[in-house]
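Report on the following structure.
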2 protein chains.
Amino acid sequence: MILTVTPNPAWDITYSVDALAPGRTHRVRHVAERAGGKGINVARVLHRLGHEVLVTAPLGGATGDLVRAGLAGLDHSIAPIRDSTRRTVSVVTDGDATLLNEPGPALTAEEWQGLRALVAARLDQVSVVVLSGSLPRGVSPADYADLVRSVPRPTIVDTSGEALAHAASAGPDIVKPNADELRDLTGCADPLRGATALRSQGAHAVVASLGPEGLLAVTAEGAFRAAPGREVRGNPTGAGDSVVAALAVGVAAGTPWPDRLRNAVALSAATVAAPVAGEFTRDEYEKQLAAVHLEEIPCPS
Amino acid sequence: MILTVTPNPAWDITYSVDALAPGRTHRVRHVAERAGGKGINVARVLHRLGHEVLVTAPLGGATGDLVRAGLAGLDHSIAPIRDSTRRTVSVVTDGDATLLNEPGPALTAEEWQGLRALVAARLDQVSVVVLSGSLPRGVSPADYADLVRSVPRPTIVDTSGEALAHAASAGPDIVKPNADELRDLTGCADPLRGATALRSQGAHAVVASLGPEGLLAVTAEGAFRAAPGREVRGNPTGAGDSVVAALAVGVAAGTPWPDRLRNAVALSAATVAAPVAGEFTRDEYEKQLAAVHLEEIPCPS
């Protein structure tokens with residue numbers, strides 16, 4: 001079973017409007033809402049792929065109740081918290097999306113320990129632990145690194161900023177920054193240099209997502225670029241979560257790095273191609289998989 | 001007791017952000033939320049003034065549960081509905097407010113009858129009925145006019161468009177459009193002509209709110225203008241609901257029109273002056289009341 005940790009889950013609300021005009025009143029055409037936060041999104045992808053998965057997250061308040069109800073169908077184990085879970089509102093037009101992220105809850109030390117205890121309690125059934133998304137207030141990057149360090153299983157971390165820096169130094173198996181996160185953290189404009197630098201801080205492998213150009217990986221087996229071979233157009237929301245899900249499957253199965261990356265690029269591209277954020281069709285996934293262009297980078301450093 | 005009917009209540013969420021930039025991601029600085037919809041706002045003002053009040057509204061779904069919990073402290077009688085109550089999101093910066101209104105529930109004929117039954121059941125304790133805000137889907141302007149016609153008590157109606165047109169013809173005691181609503185409905189650029197035209201359709205009195213210029217009323221006792229005599233700066237949200245609340249108090253007490261209008265202008269101005277939407281201080285209300293400028297319009301038509 002793959003266990004995902006979502007330290008800062010959310011109730012994601014999407015409003016479709018004709019256009020967003022600051023200072024005006026808008027009639028929302030359509031409302032979509034669902035449980036979110038990167039670790040929950042990764043779990044949803046894994047579930048859709050047919051893998052056993054366990055969601056762990058802190059939840060509180062009326063919004064926490066909505067998230068819990070929205071997890072129906074996914075095995076989950078919840079740490080109750082006093083503050084209310086956050087909402088996100090995405091205002092989507094034909095052209096773009098405007099995001100409003102609530103500040104969210106502050107966790108007490110006891111609540112964070114409660115979440116850690118949930119993870120520890122199920123470890124004997126777990127092959128891989130995925131830690132994904134931002135940290136709530138009250139949880140420091142050092143707390144997060146402690147959690148990564150404490151897990152006696154392969155770990156995959158997808159976060160940003162100080163949390164990523166600390167987590168990388170805790171020796172996770174994979175960290176998955178995007179190009180912006182990698183540059184912000186390492187100061188390297190070139191993703192290959194940035195990934196190499198981040199790996200030198202302690203992560204066993206760094207997989208950087210480069211948007212439409214696919215993935216760049218620096219691993220113990222070598223460095224690789226993997227790019228989609230079929231045209232990819234659509235909604236990039238959730239593409240990074242599909243990368244993480246595919247990597248988790250690869251780690252659980254012990255797949256060699258080139259195949260992990262082919263699967264990750266293909267699943268990510270299939271997610272972009274699907275009209276609904278975070279979904280994909282098996283057919284598109286297989287077509288993308290057959291077309292992925294993988295190349296080894298001979299002398300990475 | 002004053003009974004308010006809110007056909008389309010809402011859970012009002014206010015996000016404070018530094019600036020709203022379409023296409024970007026925003027960190028919300030502060031979240032405020034409360035039960036809303038004009039009839040509920042009017043009831044809150046009446047309660048703050050020390051009057052007995054009963055809120056009636058249809059509510060459904062998880063958002064309906066939030067609204068119901070948010071009515072704690074206000075006497076209320078709820079008609080359950082199957083669809084979920086709507087949310088509104090206001091994104092507030094230093095300069096302006098951007099509103100996102102969800103489409104909200106559609107009521108079945110039975111659900112609308114359920115709301116009407118709640119109103120009928122409490123009428124023997126009621127002196128004035130206030131009907132305020134928009135109509136939900138499934139309820140026609142003719143249904144709304146039927147409700148106004150069926151109430152054997154003085155009625156005050158604050159709505160817009162077709163619902164206002166139909167309600168006015170049902171002979172309510174007062175309708176309270178703002179200048180835009182009055183012009184849209186009657187086609188008259190001059191509010192005095194517009195109010196006179198709307199009154200001729202059946203309303204016993206028309207009180208038009210003209211923003212910072214105060215109120216214009218065409219009544220059976222004559223036509224009046226009432227304007228604030230003290231400077232008014234602040235947040236106009238809820239000012240119209242304060243006008244309606246003051247008029248309801250005046251109708252319940254049988255106050256002459258000039259005094260009703262003085263109270264309505266003063267309470268509205270005090271509401272604008274308070275930093276939180278829909279609130280006011282007793283002190284500012286009394287200062288405004290002493291300063292209101294009231295004039296009778298000698299030959300209105």
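Within every chain, numbering begins at 1; the chains are lettered A, B, ... in the order of the sequence lines, protein sequences first and strands thereafter. These numbers were taken from a predicted model, which means no experiment stands behind them.
B/L66 touches chain A through its side chain: at least one heavy atom from C-beta onward sits under 4.5 Å away, while N, CA, C and O do not. Proximity to chain A is limited to the side chain of B/D96, based on heavy atoms less than 4.5 angstrom apart.
The candidate with the highest count of non-hydrogen atom pairs below 4.5 Å against chain B, out of A/T93, A/V31, A/V17, is A/V31. Per-residue counts of heavy-atom pairs under 4.5 Å with chain A were compared for B/D65, B/V91, B/I13; the largest is that of B/I13. Annotation: maximal heavy-atom pairing with chain B below 4.5 Å, among A/H30, A/R27, A/R24, A/R29, occurs at A/R24.
Remark: side-chain polar atoms of A/H26 are paired, donor with acceptor, to backbone N or O of A/A21 under 3.5 angstrom. Judged by distance alone, with hydrogens and angles left aside, the side-chain atoms of A/H166 form a donor-acceptor pair with the main-chain N or O of A/E162 at under 3.5 Å.
Side chain to side chain, B/D12 and B/T88 meet the donor-acceptor criterion of an N or O pair below 3.5 Å. For the 3.5 Å distance criterion, the side chains of B/T6 and B/K38 fail to qualify, holding no donor opposite an acceptor.
Atom CZ of B/R87 sits about 11.5 Å away from atom CG of B/L100, to the nearest 0.5 Å.
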